[in-house]
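Here the structure is laid out as structure tokens; the discussion comes afterwards.
Just the heavy atoms: all of them, side chains too, but no hydrogens, waters or symmetry mates, feed the values below.
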Amino acid sequence: MKSSQYYSLIVLMLVGIIWNVHDVLGGEPTCSVYIGKDGVCSNYIGNSDYIYLNGTVELLDIENSLGNLKIAQGLSILSNASISCVEAFTSYACAVAYPKCLANLSIKDPQIASISLPCKSTCSNVQTECLNSQDKVVLSYIKTSFLFPKNCDIIRQEPLLNISYPTLNCNKGEGINVASRCFPPLVEDTLFTINKSQSLNFDFCGGGCCLPCPQSYFLYPEGYLDKGFLATQIIRAISSLAAFIVMISYITLPGKRNYPNSLILFASVSIFLYSSIVFFSIGDPRKIQCVGVNHSTQINNNLCAVQGALLIFATHATAIWVGIIILNLHLYTVWNLNFLSNKQIWLNCFGWGVPLFLTVMALISKSVNYQSGTLCLVKQENSGVLLFYPLAVIVVPSFIIHVITFLNIAKATQRARHSQKIVSNFSELMSHKKHVLQAVKIQWRALLLAIILVGTVTFYWLFYFVELSRFTSPNKGFENEWVQCIQLGGGQNECSKISQRYMPSYGLLITTELVAGLIGIWLFILFSNHALWRDWKLWISEKFKEKLEPDQFFAI
């Protein structure tokens, strides 16, 4: 027997096993409902159609035997050249493996079963479309399937097992719902299915399949970013609580609202606002990150707009108030000036007005959207003008002033040590040294907070521009390689080995989020000193004393 006849006989025997004879094979044939939308033939069997199964055949066994076809369907989204071949073969293979019952009920007697048989043209269409296909990878999966028809001539009106194949009034597209085979985590692009010129997301969809939002979550091993970002969100929540304690302390305790402590108060307010944005999304960041398969923007997600605006405002406000703290320390330490002490109104106008202006500009230019992590911020193309350049204008001079301040402190100390020959000069220098050391002793916490903020902004800026751009402007070769891995059934964990070559390091990504979220905890560590708790103890005792005094007076 020729090989072509052998393969065709296998096809017909499979048809016989599924369709034919009750008294030979045993078991009870039925009209059954198909497996559903996840089945290999789901795009070719309608919801209202019934399939014919011989009682000895399990539906899942048939599904498993069609594994090569499933992979071919998945790979077809990568190449337009293979789509017609895959569609033709799927139509043929599914018609053979799952003949349709024309009766919408179970049947007891196979002799009265009304079955829709595949047309002979369904077989010849496979040869026409596939043998001319240039997609060797997809074609290899189809041709290695035992259902691939080597010779359609063997399908006659009365072939083996008494199966009659219609040859008239056949329409290969009749009743076929052509849709892409998308392997998890990819999902179907429902707009593309309706109209090939449309898509749910042109950046992260292709060939009818989409990478769900947030896309970065699926390019690392399964669950990595969910767990990592949950940890950083918990840190942000703790940071917010810590900043709140410092803020309430400086609002409530006597003397903490006076200059220069008021500068710490304003910095703690801005840091609290910066940290509290985590409560918009903690435990469920996707409500901030995504709308369907698309990233959230201020237009399609109001929650993203509010959270992003608050983050932009608080980020700039924190930088400005910490910068003012550095400037005040410099003026007092180096120049012995309290220049800012009577400028409270102007400082507040600048400290809150500039962040408000930049926030409004971001909203007007529709620049607030989700980029990475768990928060909405300024989209990358506008982040320089609306976020990082203004921060640089604040942070860089603050850093320079900080360096100058410490150089002067070091210089004054050195001069005091080596100027003992002239007593008057020595006394003057010692007096200056005492003044400098006293200023540093009073404000070293504010100075250290400024250093931490400079480091945080610099670290986040470098990540945002260097590492994040690798994902927002992905390499097309990586996209095809990763999608092919997924569509071959590799799965997210296996295919992440490919994507991680092009993605920011997981450890660096989580570290960046962690560093940005620690600022409130640093504020608490630096300013919740013994004196603060002593002031709280004194304030509480005075409040209780005020409440007790009327009772004591009444007792007298």
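- Geometrically, Lys143 does not engage Phe89 in a cation-pi contact, judged by NZ or CZ lying under 6.0 Å from the ring centre and within 45° of the ring axis.
- Heavy-atom contacts from other residues, nucleotides or ligands closer than 6.0 Å to CZ of Phe279 number more than 12.
- Note: Ile234 CD1 to Leu514 CG = 11.5 Å, rounded to the nearest 0.5 Å.
- For the pair Ile264/Trp321, no side-chain contact is recorded, criterion being any heavy-atom separation below 4.5 Å from C-beta on.
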(request) Check the pair Phe192, Leu200 against side-chain contact (heavy atoms from CB on, under 4.5 Å), reporting the backbone distance first and the verdict last. (result) CA-CA 8 Å; Phe192 182 86; Leu200 294 173; over 6 Å; no
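- Residues Cys495 and Ile486 approach most closely at SG-N, 3.4 Å, considering heavy atoms.
- Under a cut-off of 6.0 angstrom, the local environment of OH in Tyr224 is sparse, with at most 12 non-hydrogen atoms contributed by other residues, nucleotides or ligands.
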(request) Mind running side-chain contact (heavy atoms from CB on, under 4.5 Å) on Glu63 and Tyr98 for me, showing each step along the way? (result) CA-CA 10 Å; Glu63 283 291 299; Tyr98 298 113; 2.7 Å; yes
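- For the atom pair Ile83 CD1 and Leu75 CG, the distance stands at 12.0 Å (nearest 0.5 Å).
- The two residues Gly373 and Phe229 come nearest to each other via the heavy atoms CA-CZ, 3.5 Å.
- Arg181 pairs with exactly one of Cys209, Ser76, Ser42 by the side chain to side chain contact (heavy atoms under 4.5 Å, CB included) rule, that one being Ser42.
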(request) For side-chain contact (heavy atoms from CB on, under 4.5 Å), just list the numbers for Leu311 and Cys376, CA-CA rounded to whole Å, side-chain angles, deciding distance to a tenth of an Å, and then say yes or no. (result) CA-CA 8 Å; Leu311 179 57; Cys376 287; over 6 Å; no
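- Note that OH of Tyr250 is 13.5 Å distant from CD1 of Ile245, once rounded to the nearest 0.5 Å.
- Smallest separation of non-hydrogen atoms from Leu386 and Ser365: CD1-OG, 3.6 Å.
- By the 6.0 Å contact criterion, NZ on Lys366 is open, its count of non-hydrogen atoms from other residues, nucleotides or ligands being 12 or less.
- With rounding to the nearest 0.5 Å, the separation of OG1 in Thr90 from CD1 in Ile142 is 6.5 Å.
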(message) Show, in sequence, the C-alpha distance, side-chain angles and deciding distance for Cys130 and Phe148, and conclude whether the side-chain contact (heavy atoms from CB on, under 4.5 Å) test is met.
(response) CA-CA 10 Å; Cys130 292; Phe148 185 76; 4.3 Å; yes
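- For the pair Leu375 and Phe280, the minimum side-chain heavy-atom distance is 4.5 Å or more.
- Pairing each heavy atom of Tyr217 with each of Pro285, the nearest pair is OH-CG, 4.0 Å.
- For the pair His316 and Pro390, the tightest heavy-atom approach, listed with the atom from each and the gap, is NE2-CB, 3.8 Å.
- Between Phe266 and Trp352, the ring-plane angle classifies as perpendicular under the 30° and 60° cut-offs.
- Within the model, atoms OG of Ser268 and CZ of Phe527 stand 9.0 Å from one another, a figure rounded to the nearest 0.5 Å.
- Ring pair Trp539/Trp536 is perpendicular by interplanar angle, where above 60° counts as perpendicular and below 30° as parallel.
- The side-chain heavy atoms of Cys210 and Phe204, taken from C-beta on, include no pair separated by under 4.5 Å.
- With values rounded to the nearest 0.5 angstrom, Ile288 atom CD1 is found 9.0 Å from Ile277 atom CD1.
- Note that Arg236 lies in the cation-pi zone of Tyr274, set by a 6.0 Å cut-off to the ring centre and a 45° limit from the axis.
- Under a 3.5 Å cut-off, the side chain of Ser496 and the backbone N or O of Tyr220 do not form any donor-acceptor pair.
- Donor-acceptor pairing under 3.5 Å is lacking for the side chains of His295 and Gln371.
- Heavy-atom minimum distance, Gln298 versus Ser367: OE1-N, 3.3 Å.
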